[in-house]
J.: 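My questions all concern the structure below.
In what follows, every chain begins at residue 1, and chains take the letters A, B, ... in the order their sequences are listed.
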Number of protein chains: 2
Amino acid sequence: MASVYKHPKTPKQASRRRARFDRLLEPEMLKALAEPSRAQILSCLLKCGRPCSVTEVAECCSIDFSMVARHLGTLARAGLLTSEKKGRTVWYNADARALALHFRDLADAIEELTPQDGCIEDNGCGCCDPEGIRS
Amino acid sequence: MASVYKHPKTPKQASRRRARFDRLLEPEMLKALAEPSRAQILSCLLKCGRPCSVTEVAECCSIDFSMVARHLGTLARAGLLTSEKKGRTVWYNADARALALHFRDLADAIEELTPQDGCIEDNGCGCCDPEGIRS
DNA sequence: CATACACTTGCGTTATGGCGTCAGTATACA
DNA sequence: TGTATACTGACGCCATAACGCAAGTGTATG
């Protein structure tokens, strides 16, 4: 659920919000998601709702096996999947709850970052010169 | 707020969910966000909470002017910003509410896509052979 | 009409990343 | 111990895109 916007009281608080926003907008994660093949692979894993091996995923989405292996690695390194090696097969799993939570947090962070309607006082963003930009 | 997962009753419903997921995972939008410079520019605009010109944004983030102009164009084309030309200046604006809504929708879509805990019946994903993959 | 301003676009360079192939590693199983 | 299985990694090719520079376009202003 969305948090209600509260104007940052201190530069420190504003800086925390910036940091939170930046963390949630992790380029590695977004780059991983931005590839259509990888998005397809992720959706496969979400739909299956259980850990899948590289072979299974490759059969799912008719992408070259080694590419699937690489994509799964990328998704896992980006924190979008978990992986567990058992014997000679690696089981990749998509945690739908965690992913959904991440994007809800991001939504909250976006709303926290922006000032209220009509708020014109310095929001402590430190990015723009308040004199220059609010003339 | 999160919707409660309900197993798709028909292949048609499952297909609608897939389509929703794919739409929310628009590669163009994610690619636009995945660039650190562009994320920075977007956060500038969110923090300012009002339309900014290209010149203002360029002064904000110490990136080459023509690059800022290009990045803003990319963000706008990806639907992350709105732009309005008035005279010789273009005003770019980030709609925090709309962005937050988008990511909450995505979170919902992710949760809708995945089967309930322990659900092993065919979820109509059509991506995996139920026989082969659930052995 | 000339000039300043606010972008936009084209160009060449560089960097990143996807893609397939193929060889290598690690594990199970007969 | 040999062979099949399941992946991983290294190479090279190619497409895309970021980046900075500089020239071009369109709009106000004197």
J.: Enter the distance from B:Arg38:CZ to B:Ser43:OG here, rounded to the nearest 0.5 Å.
T.: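 So the CZ of B:Arg38 and the OG of B:Ser43 are separated by 14.0 Å.
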J.: Reading DNA chain C in the 5' to 3' direction, which nucleotide is the first one with an atom under 4.0 Å from a heavy atom of chain A, and which is the last?
T.: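 First-to-last contact on DNA chain C, by the 4.0 Å heavy-atom rule, is C:dG17 to C:dA28.
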J.: Between NZ of A:Lys31 and CG of B:Leu33, what distance do you get to the nearest 0.5 Å?
T.: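 Going from the NZ atom of A:Lys31 to the CG atom of B:Leu33 covers 12.5 Å.
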J.: Output one letter per nucleotide in nucleotides 18-30 of chain D: B when a protein non-hydrogen atom lies under 4.0 Å from the base, S when only the sugar-phosphate is that close, - when neither is.
T.: SBBBB---BBS--
J.: Under 4.0 Å between a Lys/Arg side-chain N and an Asp/Glu carboxylate O for A:Asp108 and B:Arg104?
T.: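 Between B:Arg104 and A:Asp108 there is a salt bridge, with a charged N closer than 4.0 Å to a carboxylate O.
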J.: With a 4.0 Å cut-off on N to O distance, would you call A:Arg17 and A:Glu111 a salt bridge?
T.: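 Judged by the 4.0 Å cut-off on N to carboxylate O distance, A:Arg17 and A:Glu111 do not form a salt bridge.
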J.: Quick one: do A:Leu45 and A:Trp91 end up in the same hydrophobic cluster if we chain Ile, Leu, Val, Met, Phe, Trp and Tyr together by side-chain heavy atoms under 4.5 Å apart?
T.: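 Not linked; separate clusters.
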J.: Would you please name every residue forming a side-chain contact (heavy atoms from CB on, under 4.5 Å) with A:Asp64, sequence neighbours left out?
T.: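 For A:Asp64 the side-chain contact (heavy atoms from CB on, under 4.5 Å) partners, ignoring immediate neighbours, are A:Ser66, A:Met67.
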J.: Are the charged groups of B:Arg20 and B:Glu112 less than 4.0 angstrom apart, N to O?
T.: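 Judged by the 4.0 Å cut-off on N to carboxylate O distance, B:Arg20 and B:Glu112 do form a salt bridge.
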